[in-house]
Amino acid sequence: MGFRFQKRIKLGGGLGLNLSKSGISPSLRTKMGTFSKSGYSVKTPINGLRYQNSGCIILFAFTGLITFLIYII
């Protein structure tokens, strides 16, 4: 079994930087889930269960923008 290192630095407003052994990546947390450059994960009503997809970066940008607009309004 391997070791895994991950640390999140909060920047405010749901924005953050994730630090891991593979590098640094930005992410956006909302009430619905988390969006990052590697994909997104969506919360479900069942505790401990989430849907995760490592989709296209264009899809990430579009869904992130929509979520951001909904979050502000």
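Model, not experiment: these values are computed from the prediction.
- By the 4.5 Å heavy-atom criterion applied to side chains, L28 and T34 are not counted as neighbours.
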Q: Carefully, step by step, assess N18 and I24 under the rule side chain to side chain contact (heavy atoms under 4.5 Å, CB included).
A: CA-CA 6 Å; N18 298 322; I24 301 173; over 6 Å; no
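- Separating the OG atom in S27 from the NZ atom in K10 is a distance of 11.0 Å, to the nearest 0.5 Å.
- Here the CZ atom belonging to R29 is positioned 8.0 Å from the NZ atom belonging to K43, to the nearest 0.5 angstrom.
- Interatomic distance, OG of S20 versus NZ of K7, reported as 13.5 Å (0.5 Å rounding).
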